[in-house]
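This report concerns only the one structure given below.
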Amino acid sequence: MDKMPVYIKDLEYLYKELKVFRRDLHKYPELGFKEVRTSKKIFDKLKTLDLEVHAGIGKTGLVGVLKRGTSNKKIMLRADMDALPIIETSNSTHASKNSGVMHACGHDGHTTMLLGAAKHLSQKSNFSGTVYFVFQPNEEHGLGAKAMIDDGLFERFPAQEVFGIHNLPGAPLGEISSRQGVICASETIFEINITGKGGHSSMPHLGVDSILVGSDIVTAIQKILSRKLKPGTGSVISITEFITDGSRNILPGNTLLKGDFRAFNSIDRINIQKNLKQICNGISKLHKVKIEVKFRNDFTETVNSKNPLSKSFKAAKDLGLKIIKNREPIPFSEDFAHFSKIKPASFILIGNGTEGNFANPLHASSYDFNDNLLVIGATFWSRLVENYLKI
Ligand SMILES: [Zn+2]
Ligand SMILES: [Zn+2]
(Lines give C-alpha, C1' and ligand atoms only; values in the text may rest on other atoms or scores of the structure.)
(Ligands and ions follow the chains in the order given, each with its own letter.)
Protein backbone atom coordinates (compact mmCIF):
# COMPACT_ATOMS: atom_id res chain seq x y z
CA MET A 1 0.00 0.00 0.00
CA ASP A 2 1.12 3.58 -0.56
CA LYS A 3 2.61 5.26 2.45
CA MET A 4 -0.20 7.17 4.14
CA PRO A 5 0.41 10.89 4.29
CA VAL A 6 0.21 12.71 7.60
CA TYR A 7 -3.31 14.03 8.05
CA ILE A 8 -5.55 15.12 10.84
CA LYS A 9 -6.53 12.03 12.79
CA ASP A 10 -9.82 13.64 13.86
CA LEU A 11 -11.86 12.05 11.10
CA GLU A 12 -10.62 8.47 11.30
CA TYR A 13 -13.73 7.62 13.33
CA LEU A 14 -15.69 8.02 10.06
CA TYR A 15 -13.73 5.40 8.11
CA LYS A 16 -16.05 2.43 8.56
CA GLU A 17 -19.24 4.40 8.01
CA LEU A 18 -17.89 6.05 4.86
CA LYS A 19 -16.58 2.78 3.46
CA VAL A 20 -19.99 1.10 3.91
CA PHE A 21 -21.74 4.07 2.29
CA ARG A 22 -19.32 4.24 -0.66
CA ARG A 23 -19.51 0.52 -1.35
CA ASP A 24 -23.30 0.64 -1.30
CA LEU A 25 -23.25 3.43 -3.92
CA HIS A 26 -20.75 1.39 -5.91
CA LYS A 27 -23.04 -1.66 -5.83
CA TYR A 28 -26.03 0.31 -7.10
CA PRO A 29 -24.69 2.83 -9.63
CA GLU A 30 -27.07 5.04 -11.61
CA LEU A 31 -26.62 6.89 -14.91
CA GLY A 32 -26.87 10.67 -15.33
CA PHE A 33 -30.24 12.22 -14.35
CA LYS A 34 -31.34 8.78 -13.11
CA GLU A 35 -29.58 9.05 -9.74
CA VAL A 36 -32.86 8.62 -7.86
CA ARG A 37 -31.72 6.08 -5.26
CA THR A 38 -28.37 7.84 -4.83
CA SER A 39 -30.03 11.20 -4.38
CA LYS A 40 -32.49 9.79 -1.81
CA LYS A 41 -29.64 8.22 0.18
CA ILE A 42 -27.77 11.53 0.25
CA PHE A 43 -30.96 13.36 1.21
CA ASP A 44 -31.57 11.00 4.13
CA LYS A 45 -27.97 11.22 5.29
CA LEU A 46 -27.95 15.04 5.25
CA LYS A 47 -31.27 15.08 7.12
CA THR A 48 -29.82 12.96 9.94
CA LEU A 49 -27.15 15.66 10.28
CA ASP A 50 -29.84 18.31 10.75
CA LEU A 51 -28.83 20.15 7.61
CA GLU A 52 -31.29 22.17 5.54
CA VAL A 53 -31.67 20.03 2.40
CA HIS A 54 -32.98 21.14 -1.02
CA ALA A 55 -33.69 18.33 -3.49
CA GLY A 56 -34.74 18.31 -7.15
CA ILE A 57 -32.32 21.01 -8.31
CA GLY A 58 -31.25 20.11 -11.86
CA LYS A 59 -33.54 17.04 -11.77
CA THR A 60 -31.81 14.70 -9.27
CA GLY A 61 -29.31 17.22 -7.84
CA LEU A 62 -29.40 18.40 -4.25
CA VAL A 63 -27.87 20.95 -1.91
CA GLY A 64 -27.27 20.67 1.84
CA VAL A 65 -26.88 23.92 3.76
CA LEU A 66 -24.90 24.26 6.98
CA LYS A 67 -24.86 27.63 8.77
CA ARG A 68 -22.81 28.76 11.73
CA GLY A 69 -22.38 32.18 13.35
CA THR A 70 -23.08 35.49 11.69
CA SER A 71 -20.47 35.78 8.94
CA ASN A 72 -21.64 36.50 5.38
CA LYS A 73 -18.98 34.24 3.92
CA LYS A 74 -20.39 31.42 1.83
CA ILE A 75 -18.47 28.51 0.34
CA MET A 76 -19.74 25.90 -2.13
CA LEU A 77 -18.29 22.39 -2.26
CA ARG A 78 -19.31 20.15 -5.12
CA ALA A 79 -19.39 16.37 -5.63
CA ASP A 80 -20.77 14.40 -8.58
CA MET A 81 -23.09 11.37 -8.29
CA ASP A 82 -23.46 9.65 -11.68
CA ALA A 83 -22.03 6.41 -13.05
CA LEU A 84 -21.15 5.16 -16.56
CA PRO A 85 -22.60 2.64 -19.03
CA ILE A 86 -19.81 0.08 -18.48
CA ILE A 87 -19.93 -3.60 -17.51
CA GLU A 88 -17.77 -3.92 -14.39
CA THR A 89 -15.19 -6.70 -14.67
CA SER A 90 -14.15 -6.79 -11.01
CA ASN A 91 -15.33 -9.68 -8.83
CA SER A 92 -15.14 -7.71 -5.59
CA THR A 93 -18.03 -8.07 -3.14
CA HIS A 94 -19.12 -4.50 -3.85
CA ALA A 95 -19.07 -4.85 -7.67
CA SER A 96 -22.04 -3.37 -9.53
CA LYS A 97 -25.39 -5.11 -9.22
CA ASN A 98 -26.89 -2.88 -11.91
CA SER A 99 -25.85 -4.70 -15.03
CA GLY A 100 -24.10 -2.51 -17.59
CA VAL A 101 -23.76 0.44 -15.19
CA MET A 102 -20.63 1.13 -13.17
CA HIS A 103 -19.00 3.74 -10.96
CA ALA A 104 -15.86 3.79 -13.11
CA CYS A 105 -14.98 7.43 -12.44
CA GLY A 106 -15.07 7.36 -8.62
CA HIS A 107 -18.09 9.61 -8.22
CA ASP A 108 -19.26 7.19 -5.50
CA GLY A 109 -16.11 8.19 -3.62
CA HIS A 110 -16.47 11.92 -4.32
CA THR A 111 -20.03 11.90 -2.96
CA THR A 112 -19.00 9.95 0.14
CA MET A 113 -16.01 12.19 0.91
CA LEU A 114 -18.26 15.23 0.83
CA LEU A 115 -20.85 13.56 3.06
CA GLY A 116 -18.04 12.72 5.49
CA ALA A 117 -17.11 16.39 5.66
CA ALA A 118 -20.78 17.35 6.12
CA LYS A 119 -21.07 14.96 9.06
CA HIS A 120 -17.85 16.14 10.69
CA LEU A 121 -18.58 19.84 10.23
CA SER A 122 -22.18 19.47 11.43
CA GLN A 123 -20.75 18.54 14.84
CA LYS A 124 -18.41 21.52 15.01
CA SER A 125 -18.85 25.20 15.78
CA ASN A 126 -15.32 26.49 15.15
CA PHE A 127 -16.31 28.47 12.03
CA SER A 128 -18.71 31.21 11.01
CA GLY A 129 -20.56 31.40 7.68
CA THR A 130 -22.43 29.11 5.29
CA VAL A 131 -21.37 25.88 3.60
CA TYR A 132 -23.29 24.66 0.55
CA PHE A 133 -22.75 20.95 -0.08
CA VAL A 134 -23.66 20.40 -3.74
CA PHE A 135 -24.33 16.91 -5.13
CA GLN A 136 -24.67 17.23 -8.87
CA PRO A 137 -26.14 14.76 -11.34
CA ASN A 138 -24.96 13.83 -14.82
CA GLU A 139 -21.36 14.98 -14.86
CA GLU A 140 -20.38 12.46 -17.52
CA HIS A 141 -22.45 14.09 -20.26
CA GLY A 142 -21.62 17.61 -19.16
CA LEU A 143 -25.27 18.37 -18.46
CA GLY A 144 -25.73 18.21 -14.68
CA ALA A 145 -23.93 21.38 -13.59
CA LYS A 146 -25.76 23.39 -16.22
CA ALA A 147 -29.11 21.91 -15.15
CA MET A 148 -28.48 22.99 -11.55
CA ILE A 149 -27.34 26.47 -12.64
CA ASP A 150 -30.46 26.79 -14.85
CA ASP A 151 -32.53 25.87 -11.80
CA GLY A 152 -31.15 28.92 -9.98
CA LEU A 153 -28.30 27.31 -8.03
CA PHE A 154 -26.30 30.50 -7.58
CA GLU A 155 -29.33 32.72 -6.94
CA ARG A 156 -30.61 30.39 -4.24
CA PHE A 157 -27.18 29.51 -2.82
CA PRO A 158 -25.03 32.60 -3.43
CA ALA A 159 -21.56 31.27 -2.64
CA GLN A 160 -18.58 33.52 -3.25
CA GLU A 161 -16.36 30.67 -4.51
CA VAL A 162 -16.81 27.05 -5.64
CA PHE A 163 -14.56 24.06 -5.02
CA GLY A 164 -14.33 20.65 -6.68
CA ILE A 165 -12.09 17.60 -6.46
CA HIS A 166 -11.48 14.53 -8.61
CA ASN A 167 -9.56 11.37 -7.81
CA LEU A 168 -6.56 10.54 -9.99
CA PRO A 169 -5.73 6.83 -10.41
CA GLY A 170 -2.04 5.99 -10.56
CA ALA A 171 -1.02 9.04 -8.50
CA PRO A 172 0.18 8.40 -4.92
CA LEU A 173 -2.64 8.21 -2.39
CA GLY A 174 -3.70 11.70 -1.28
CA GLU A 175 -1.26 13.57 -3.54
CA ILE A 176 -2.84 16.88 -4.52
CA SER A 177 -2.14 18.36 -7.94
CA SER A 178 -3.55 21.22 -9.95
CA ARG A 179 -2.60 24.46 -11.65
CA GLN A 180 -3.78 28.04 -12.01
CA GLY A 181 -5.65 28.74 -15.26
CA VAL A 182 -6.98 25.94 -17.44
CA ILE A 183 -6.87 22.56 -15.67
CA CYS A 184 -9.25 20.43 -17.82
CA ALA A 185 -9.81 20.55 -21.57
CA SER A 186 -13.03 21.44 -23.34
CA GLU A 187 -14.76 18.81 -25.44
CA THR A 188 -16.69 19.60 -28.60
CA ILE A 189 -18.50 16.68 -30.20
CA PHE A 190 -19.37 16.78 -33.88
CA GLU A 191 -21.29 14.88 -36.54
CA ILE A 192 -20.53 15.07 -40.25
CA ASN A 193 -23.26 13.85 -42.56
CA ILE A 194 -22.21 13.06 -46.14
CA THR A 195 -24.86 12.54 -48.78
CA GLY A 196 -23.23 11.06 -51.90
CA LYS A 197 -24.74 8.70 -54.45
CA GLY A 198 -24.77 4.94 -53.90
CA GLY A 199 -24.21 2.48 -56.67
CA HIS A 200 -22.58 -0.69 -57.95
CA SER A 201 -19.07 -1.33 -56.64
CA SER A 202 -17.97 -2.29 -60.16
CA MET A 203 -19.05 1.09 -61.57
CA PRO A 204 -17.92 3.73 -59.07
CA HIS A 205 -17.83 6.44 -61.77
CA LEU A 206 -21.66 6.41 -61.88
CA GLY A 207 -22.06 7.16 -58.16
CA VAL A 208 -20.34 9.25 -55.49
CA ASP A 209 -18.61 6.97 -52.99
CA SER A 210 -19.25 8.55 -49.60
CA ILE A 211 -16.57 6.35 -47.95
CA LEU A 212 -13.91 7.99 -50.08
CA VAL A 213 -15.30 11.44 -49.28
CA GLY A 214 -15.35 10.55 -45.56
CA SER A 215 -11.78 9.28 -45.75
CA ASP A 216 -10.62 12.60 -47.21
CA ILE A 217 -12.20 14.33 -44.22
CA VAL A 218 -10.65 11.91 -41.69
CA THR A 219 -7.12 12.63 -42.90
CA ALA A 220 -7.59 16.34 -43.69
CA ILE A 221 -8.84 17.35 -40.23
CA GLN A 222 -5.66 16.06 -38.55
CA LYS A 223 -3.83 18.81 -40.45
CA ILE A 224 -5.73 21.43 -38.46
CA LEU A 225 -3.65 20.52 -35.41
CA SER A 226 -0.31 20.45 -37.21
CA ARG A 227 -0.77 23.49 -39.48
CA LYS A 228 -3.50 25.76 -38.16
CA LEU A 229 -2.76 25.90 -34.44
CA LYS A 230 0.28 27.14 -32.57
CA PRO A 231 2.48 24.10 -31.89
CA GLY A 232 2.26 22.49 -28.48
CA THR A 233 -1.18 23.63 -27.42
CA GLY A 234 -2.21 20.05 -26.66
CA SER A 235 -5.43 19.93 -28.70
CA VAL A 236 -6.65 16.54 -29.89
CA ILE A 237 -9.15 15.68 -32.64
CA SER A 238 -10.55 12.18 -33.21
CA ILE A 239 -13.04 10.53 -35.52
CA THR A 240 -14.57 7.80 -33.37
CA GLU A 241 -17.36 6.45 -35.61
CA PHE A 242 -17.55 5.92 -39.39
CA ILE A 243 -21.02 4.65 -40.31
CA THR A 244 -22.12 3.94 -43.90
CA ASP A 245 -25.06 2.37 -45.70
CA GLY A 246 -22.75 0.38 -48.01
CA SER A 247 -22.63 -3.39 -48.28
CA ARG A 248 -20.39 -6.10 -49.83
CA ASN A 249 -20.80 -4.96 -53.45
CA ILE A 250 -22.74 -1.72 -52.90
CA LEU A 251 -21.00 1.62 -52.75
CA PRO A 252 -22.46 3.67 -49.90
CA GLY A 253 -24.34 6.84 -50.73
CA ASN A 254 -24.49 8.00 -47.13
CA THR A 255 -21.80 8.24 -44.50
CA LEU A 256 -21.99 9.59 -40.98
CA LEU A 257 -18.77 10.51 -39.18
CA LYS A 258 -18.80 11.18 -35.45
CA GLY A 259 -15.99 12.38 -33.24
CA ASP A 260 -14.77 14.99 -30.80
CA PHE A 261 -12.01 17.49 -30.25
CA ARG A 262 -10.40 18.79 -27.07
CA ALA A 263 -8.82 22.17 -26.53
CA PHE A 264 -7.15 23.94 -23.62
CA ASN A 265 -8.26 27.43 -24.55
CA SER A 266 -11.21 29.06 -26.27
CA ILE A 267 -9.08 30.44 -29.15
CA ASP A 268 -8.00 26.95 -30.22
CA ARG A 269 -11.53 25.61 -29.69
CA ILE A 270 -13.06 28.25 -32.00
CA ASN A 271 -10.22 27.85 -34.51
CA ILE A 272 -10.61 24.07 -34.77
CA GLN A 273 -14.37 24.38 -35.25
CA LYS A 274 -13.94 27.01 -37.98
CA ASN A 275 -11.28 24.97 -39.83
CA LEU A 276 -13.25 21.75 -39.59
CA LYS A 277 -16.19 23.48 -41.23
CA GLN A 278 -13.99 24.94 -43.97
CA ILE A 279 -12.46 21.55 -44.75
CA CYS A 280 -15.92 19.98 -45.06
CA ASN A 281 -17.06 22.82 -47.35
CA GLY A 282 -13.97 22.37 -49.55
CA ILE A 283 -14.34 18.59 -49.79
CA SER A 284 -18.05 19.04 -50.51
CA LYS A 285 -17.19 21.21 -53.51
CA LEU A 286 -14.40 18.87 -54.66
CA HIS A 287 -16.67 15.80 -54.72
CA LYS A 288 -19.93 17.64 -55.49
CA VAL A 289 -21.73 16.13 -52.48
CA LYS A 290 -23.79 17.59 -49.68
CA ILE A 291 -21.94 17.65 -46.34
CA GLU A 292 -23.61 18.86 -43.15
CA VAL A 293 -21.64 19.48 -39.93
CA LYS A 294 -23.14 19.80 -36.45
CA PHE A 295 -21.27 20.73 -33.26
CA ARG A 296 -22.10 20.43 -29.55
CA ASN A 297 -19.97 21.94 -26.84
CA ASP A 298 -21.31 20.70 -23.51
CA PHE A 299 -17.88 20.71 -21.85
CA THR A 300 -16.02 23.98 -21.89
CA GLU A 301 -12.54 24.50 -20.34
CA THR A 302 -12.29 24.25 -16.54
CA VAL A 303 -10.42 27.27 -15.21
CA ASN A 304 -8.85 27.67 -11.77
CA SER A 305 -8.78 31.13 -10.19
CA LYS A 306 -5.81 32.16 -8.10
CA ASN A 307 -7.51 32.81 -4.75
CA PRO A 308 -9.68 29.71 -4.34
CA LEU A 309 -6.89 27.51 -5.67
CA SER A 310 -4.45 28.88 -3.11
CA LYS A 311 -7.01 28.08 -0.40
CA SER A 312 -7.15 24.48 -1.61
CA PHE A 313 -3.36 24.22 -1.55
CA LYS A 314 -3.29 25.75 1.95
CA ALA A 315 -5.77 23.17 3.28
CA ALA A 316 -3.75 20.35 1.69
CA LYS A 317 -0.55 21.75 3.19
CA ASP A 318 -2.15 21.88 6.64
CA LEU A 319 -2.86 18.14 6.33
CA GLY A 320 0.70 17.34 5.28
CA LEU A 321 -0.39 16.12 1.84
CA LYS A 322 2.11 16.19 -1.00
CA ILE A 323 1.25 19.03 -3.39
CA ILE A 324 2.08 19.61 -7.07
CA LYS A 325 1.18 23.23 -7.76
CA ASN A 326 1.84 23.48 -11.47
CA ARG A 327 0.91 20.19 -13.05
CA GLU A 328 0.20 19.74 -16.76
CA PRO A 329 -3.42 20.41 -17.69
CA ILE A 330 -5.33 17.15 -18.01
CA PRO A 331 -6.88 16.19 -21.37
CA PHE A 332 -10.19 14.94 -19.99
CA SER A 333 -13.11 17.30 -19.62
CA GLU A 334 -15.07 18.23 -16.52
CA ASP A 335 -18.59 19.46 -16.05
CA PHE A 336 -17.25 21.59 -13.16
CA ALA A 337 -16.21 23.96 -15.97
CA HIS A 338 -19.71 25.47 -15.90
CA PHE A 339 -19.27 26.50 -12.26
CA SER A 340 -15.78 27.86 -12.97
CA LYS A 341 -17.20 30.07 -15.71
CA ILE A 342 -19.58 31.80 -13.30
CA LYS A 343 -17.68 31.93 -9.99
CA PRO A 344 -14.02 31.99 -8.95
CA ALA A 345 -13.30 28.30 -8.61
CA SER A 346 -10.75 25.68 -7.64
CA PHE A 347 -10.59 22.19 -9.13
CA ILE A 348 -7.91 19.83 -7.87
CA LEU A 349 -6.87 16.21 -8.40
CA ILE A 350 -6.22 13.84 -5.52
CA GLY A 351 -4.18 10.65 -5.93
CA ASN A 352 -6.19 7.41 -5.79
CA GLY A 353 -3.10 5.23 -5.20
CA THR A 354 -0.57 3.42 -7.32
CA GLU A 355 -1.59 -0.19 -6.81
CA GLY A 356 -4.06 -2.69 -8.26
CA ASN A 357 -7.44 -1.45 -9.44
CA PHE A 358 -6.79 1.97 -7.86
CA ALA A 359 -4.19 2.63 -10.55
CA ASN A 360 -6.36 1.56 -13.49
CA PRO A 361 -7.53 4.46 -15.67
CA LEU A 362 -10.79 6.29 -15.06
CA HIS A 363 -13.60 4.73 -17.12
CA ALA A 364 -11.81 1.34 -17.21
CA SER A 365 -14.05 -1.62 -16.35
CA SER A 366 -11.53 -2.71 -13.70
CA TYR A 367 -11.11 0.67 -11.96
CA ASP A 368 -12.11 1.17 -8.32
CA PHE A 369 -12.14 4.11 -5.93
CA ASN A 370 -9.74 3.68 -3.02
CA ASP A 371 -11.56 3.59 0.33
CA ASN A 372 -8.40 4.81 2.04
CA LEU A 373 -8.98 8.11 0.27
CA LEU A 374 -12.39 8.69 1.90
CA VAL A 375 -11.14 10.02 5.23
CA ILE A 376 -8.35 12.00 3.57
CA GLY A 377 -10.85 13.64 1.21
CA ALA A 378 -13.35 14.35 3.99
CA THR A 379 -10.57 15.84 6.10
CA PHE A 380 -9.43 18.00 3.20
CA TRP A 381 -12.95 19.40 2.73
CA SER A 382 -13.34 20.00 6.48
CA ARG A 383 -10.03 21.81 6.77
CA LEU A 384 -10.83 23.95 3.72
CA VAL A 385 -14.11 25.05 5.35
CA GLU A 386 -12.53 25.66 8.74
CA ASN A 387 -9.86 27.84 7.13
CA TYR A 388 -12.31 29.62 4.81
CA LEU A 389 -14.86 30.40 7.51
CA LYS A 390 -12.37 30.97 10.30
CA ILE A 391 -13.80 32.95 13.21
ZN1 LIG B 1 -15.74 10.29 -15.87
ZN1 LIG C 1 -15.37 11.86 -13.06
Run the salt-bridge test on E161 and K311 with the 4.0 Å N-O cut-off and return the result as yes or no.
-> yes

Aromatic ring proximity, centroids under 6.0 angstrom, H107 and H166 = yes

Does Y28 reach the side chain of T38, with side-chain heavy atoms less than 4.5 Å apart?
-> no

Is a donor on one side and an acceptor on the other found under 3.5 Å between the side chain of S128 and the backbone of S71?
-> yes

Answer yes or no: is there a donor N or O on one side and an acceptor on the other, between the side chain of S305 and the main chain of N307, under 3.5 Å?
-> no

Centre of Y132's six-membered ring, under 6.0 Å away, within 45 degrees of the axis: is that where NZ or CZ of K74 sits?
-> no

Of L62, L46, V65, the one forming a side chain to side chain contact (heavy atoms under 4.5 Å, CB included) with H54 is V65

Can any side-chain N or O of T354 pair as donor or acceptor with the backbone N or O of P172 at less than 3.5 Å?
-> no

Give a yes or no on this: more than 12 heavy atoms of other residues, nucleotides or ligands lie within 6.0 Å of atom CD1 of I267.
-> no

Using a strict 4.0 Å threshold on nitrogen-to-oxygen distance, state whether E301 and K341 make a salt bridge.
-> no

Before accepting this row, confirm whether a basic side-chain N of the pair D24/R37 lies closer than 4.0 Å to the acidic partner's carboxylate O.
-> yes

Measure from the side-chain N and O atoms of H110 to the backbone N and O of N167, and report whether any donor-acceptor pair falls under 3.5 Å.
-> yes

Is there a donor-acceptor pair closer than 3.5 Å between any side-chain N or O of N304 and the backbone N or O of R179?
-> yes

Between CG on residue D10 and OG on residue S382, distance to nearest 0.5 Å = 9.0 Å

Between T111 and A79, is there a donor-acceptor pair closer than 3.5 Å when you use the side chain of the first and the backbone of the second?
-> no

Sort out for me which residue in R22, R23, K45 forms a salt bridge (charged side-chain N to carboxylate O under 4.0 Å, His left out) with E17.
-> K45

Between K19 and D371, is there a side-chain N and carboxylate O pair less than 4.0 Å apart?
-> no

Would H287 and D216 count as having a side-chain donor-acceptor pair, cut-off 3.5 Å?
-> yes

Stepwise, does the side chain to side chain contact (heavy atoms under 4.5 Å, CB included) test hold for V63 with F133?
-> CA-CA 5 Å; V63 179; F133 298 94; 6.0 Å; no

Please report the closest heavy-atom contact between I250 and S201, naming both atoms and the distance.
-> N-CB, 4.4 Å

Going by atom types only, do S333 and R262 share a side-chain donor-acceptor pair under 3.5 Å?
-> yes

Taking only Lys NZ, Arg NE, NH1 and NH2, and the carboxylate oxygens of Asp or Glu, determine whether E139 and K146 approach each other closer than 4.0 Å.
-> no

Check: D368 and H26 side chains under 4.5 Å, non-hydrogen atoms | yes

